[in-house]
Amino acid sequence: MRRSPLISALLLLAAILSLAACAQMKALPNLPATHPEELSSGPVSCSECHEDQQKGTMKPFAAFNHSRIFVKNHRFYAATDDALCATCHKLSFCADCHTNKIEMKPSVKNGDRPDRMMPHRGDYITLHKIEGKLDPASCYRCHGRTNNERCVACHR
Amino acid sequence: MCIDFKRFCRLLPALLLAALPAAALADGSVDSTTILRIEEDNHAGFQSKTLAPLTEFLGLDADQLGDGRLSVHLYGWGRVSLADRYDPVDGGDSSVGGALNYGFLQYRFDHANARARAGRFFISEGIVNEQVDGGSFKTDLPYGFGVSAFGGATVHTVKILGADTDGKGDAIAGGRVNYRKGGLLELGFSGVYETDAPTVSSNNFLPGTFGSHRLIGGDIWLRPFQMVQVSGHTSYNTETKGIAEHSYLVQAFPVSKLTLAASYDEQRDRSFFYSSLLFADMLRNLNQNSKAIGGMATYSLTDNVDVTADYKNYKRDVGRAERFGGEVRGNFLKNTLRTGVDYHYLRASENFAVVPVDGASGSYHAARGYVMHDTKGYFASLDLIGYFFKTRIENRNNAWETVAGLGYHLTPDLSLSGDLSYGQNPQYNDELKGLVRLTYNVKFADKGDKK
């Protein structure tokens with residue numbers, strides 16, 4: 001089968017562009033694997049020390065200040081910049097809540113850290129009968145397709 | 001071939017365990033938390049019994065293996081029940097249980113935030129949130145572009161009773177492409193494709209409420225001015241051919257100490273819950289929509305004290321509700337003393353009540369206060385939380401719990417602590433629980449920190 005000159009030219013162009021792109025990859029910065037300075041426990045404000053734009057995410061450091069609004073909406077940040085999260089947080093920090101099987105409520109495992117935002121503090125068994133009707137999507141995010149072993153004990 | 005690949009994917013985390021001796025010689029860390037809980041289960045209508053599960057949470061991170069770019073990451077837990085033979089997670093008559101939450105090899109390239117993973121890991125990319133036994137690759141590309149891809153076997157969970165399946169297909173793949181304009185804009189397009197959902201034999205499920213897990217969607221981050229930032233995503237279910245979710249957050253930073261936020265969330269139940277067998281069973285009417293509009297403001301009174309106020313309005317086809325309240329949080333004595341109080345009120349119509357009958361209400365007050373002190377020698381905490389119902393639930397008008405904890409840093413890496421909690425609620429007349437916790441966190445690297 002004879003390949004048309006146009007396809008050959010396009011393939012050649014794609015190969016040249018790919019090579020050019022690969023050559024530029026080395027110019028793209030890496031985020032550090034770990035934060036270079038030891039951080040104190042508790043919420044941090046990146047902008048206390050950094051005023052400029054974070055090179056790896058191409059976003060201002062101030063966008064990642066851990067305000068209450070940031071903590072409550074951290075899913076938006078984790079879904080786009082998990083590599084930046086990983087410079088300060090071990091994955092096990094996330095796995096206390098986000099995992100396939102949870103052995104105990106995160107607030108029980110971390111009972112010595114009442115300052116951390118944890119789901120289902122107190123008697124949530126009673127509350128979920130109200131909250132589940134009010135906002136089932138909030139249940140679904142964690143329990144819809146995983147981590148629902150305790151749900152199926154009653155919800156059959 | 002497919003079965004062999006899936007078997008390989010599932011075995012890989014176990015194989016990684018064999019690499020641990022080598023990992024012990026590398027930079028990295030070990031995190032161990034051992035917890036012995038002692039509880040008296042005195043549930044109304046059931047025989048009283050004592051529970052004493054002993055659980056070990058173990059995390060291992062071995063960095064800079066091989067040429068320095070390879071690392072191994074493991075985290076999981078195991079439990080042995082000392083006083084009974086009931087497995088509360090997987091169910092059934094067993095005194096032992098456990099799970100591997102993640103376990104993977106990661107190769108981190110020198111440039112472009114490129115990384116490859118193999119094993120069991122969690123994926124959070126745009127609208128995609130999945131746990132996978134397989135492989136993934138992610139990298140930045142020139143001119144502000146980026147790409148990530150993953151594929152492998154799904155991580156199955158417990159079977160839904162009566163259906164003999166957890167509702168998941170056996171293989172899954174997906175990814176995200178994105179474009180970033182420095183400091184101004186990020187646009188992403190992501191998707192997930194899971195193989196066909198299993199056929200459900202049960203007749204508990206309404207036709208058309210459950211099917212395969214296939215979504216596509218777009219996400220945005222926009223900061224047109226230093227004072228305004230928009231984040232959010234929209235997902236589309238290719239099986240139901242309908243929008244599943246809109247979820248957006250707008251933040252404004254008018255002055256350095258003040259952050260304002262407005263949120264909009266909308267879920268269309270059939271498309272949003274379509275691939276969850278659990279929800280297909282629970283939600284009998286999946287043609288509802290849910291909308292929530294909220295506002296939040298956080299102001300730093302001083303360097304140590306933050307005040308937050310929030311409001312959210314919920315609208316579902318069955319009724320409306322609103323929640324409002326605020327909280328004050330403070331850090332003192334060089335962050336060793338932390339305290340906070342918060343109060344919220346949910347005003348909800350009778351349709352949201354536990355038993356939605358005339359005169360019932362889903363409204364309740366929630367109040368909480370805590371204080372903790374963490375010194376080089378000891379640490380202590382006290383946490384009080386109470387819910388006060390507008391109409392009685394199970395003949396009680398409140399549910400409350402207090403948790404007191406005390407611990408000692410035996411060494412900088414080793415801590416021993418205990419928590420004691422007591423409460424009363426509609427489930428239990430008296431709920432007394434205690435636990436002993438031994439925590440060992442050690443780093444083998446001489447720089448940096450992760451927590």
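Per chain, numbering begins at 1; letters A, B, ... match sequence-line order.
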[X] versus chain B, the contacting section by heavy-atom distance below 4.5 Å:
X	value
A:Cys94	neither
A:Asn147	backbone
A:Phe76	side chain
A:Lys109	both
A:Asn73	side chain

Under 4.5 Å, counting heavy-atom pairs only, tell me which of [options] racks up the most with chain B.
options	result
A:Ser67, A:Ser47, A:Ala137, A:Ser45	A:Ala137
A:Leu127, A:Val108, A:Asn148	A:Leu127
A:His98, A:Arg141, A:His143	A:Arg141
A:Arg68, A:Met25, A:Arg75	A:Arg68
A:Asp82, A:Ile69, A:Thr146, A:Thr99	A:Ile69
A:Ala95, A:Ala27, A:Ala62, A:Ala63	A:Ala63

Quiz item: Are any of the side-chain heavy atoms of A:Lys72 and A:Met117 separated by less than 4.5 Å?
Solution: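 SC-SC contact between A:Lys72 and A:Met117 confirmed.
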Quiz prompt | Residue pair B:Arg316 / B:Asp269, side-chain heavy-atom distance below 4.5 Å | solution =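 They are in contact (side-chain heavy atoms under 4.5 Å apart), so the answer is yes.
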Quiz item: Would you say B:Lys159 has more than 12 foreign heavy atoms packed within less than 6.0 Å of its NZ?
Solution: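 No, because the 6.0 Å sphere around NZ of B:Lys159 holds 12 heavy atoms or fewer from other groups.
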Polar side-chain atom of [X] near backbone of [Y] as donor-acceptor pair, under 3.5 Å:
X	Y	value
B:Lys168	B:Thr154	no
B:Arg329	A:Asp115	yes
A:Asp112	B:Gly405	no
B:Gln131	B:Asn101	yes

Is it the case that the side chains of [Y] and [X] hold a donor-acceptor pair, with the cut-off being a distance below 3.5 Å and no angle test?
X	Y	answer
A:His128	A:Thr126	no
B:Glu431	B:Asn425	yes
A:Asp96	A:Asn110	yes

Practice problem: Can you label the angle between the A:Tyr140 ring and the B:Phe273 ring as parallel, tilted or perpendicular, going by 30° and 60°? | Solution: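 Correct class here is perpendicular.
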So which residue, [options], ends up with the most heavy-atom pairs under 4.5 Å with chain A?
options	answer
B:Glu125, B:Met296, B:Gln267	B:Met296
B:Phe122, B:Phe389, B:Tyr143, B:Trp400	B:Tyr143
B:Gly126, B:Ala114, B:Ser421	B:Gly126
B:Thr33, B:Asn129, B:Asp265, B:Leu141	B:Leu141
B:Val403, B:Thr339, B:Asn335	B:Asn335
B:Leu184, B:Leu435, B:Asp419	B:Asp419

Exercise. Indicate yes or no: does A:Lys101 engage A:Glu103 in a salt bridge with an N to O separation below 4.0 Å.
Key: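 So A:Lys101 does not pair with A:Glu103 through a salt bridge.
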Heavy-atom proximity to chain A below 4.5 Å, by part of [X]:
X	answer
B:Ala366	neither
B:Arg396	neither
B:Leu406	neither
B:Phe145	neither
B:Thr308	side chain
B:Lys334	neither
B:Phe379	side chain
B:Ser247	both
B:Asp166	neither

Exercise. With sequence neighbours excluded, tell me which residues meet salt bridge (Lys or Arg N to Asp or Glu O under 4.0 Å) with B:Arg108.
Key: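 Per chain and number, B:Arg108 pairs via salt bridge (Lys or Arg N to Asp or Glu O under 4.0 Å) with no residue.
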Quiz item: By salt bridge (Lys or Arg N to Asp or Glu O under 4.0 Å), which residues pair with B:Arg176, not counting sequence neighbours?
Solution: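 Expected list: B:Glu186, B:Asp219.
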Quiz item: So, do B:Tyr75 and B:Tyr102 have ring centers that fall under 6.0 Å from each other?
Solution: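 Ring centres of B:Tyr102 and B:Tyr75 closer than 6.0 Å.
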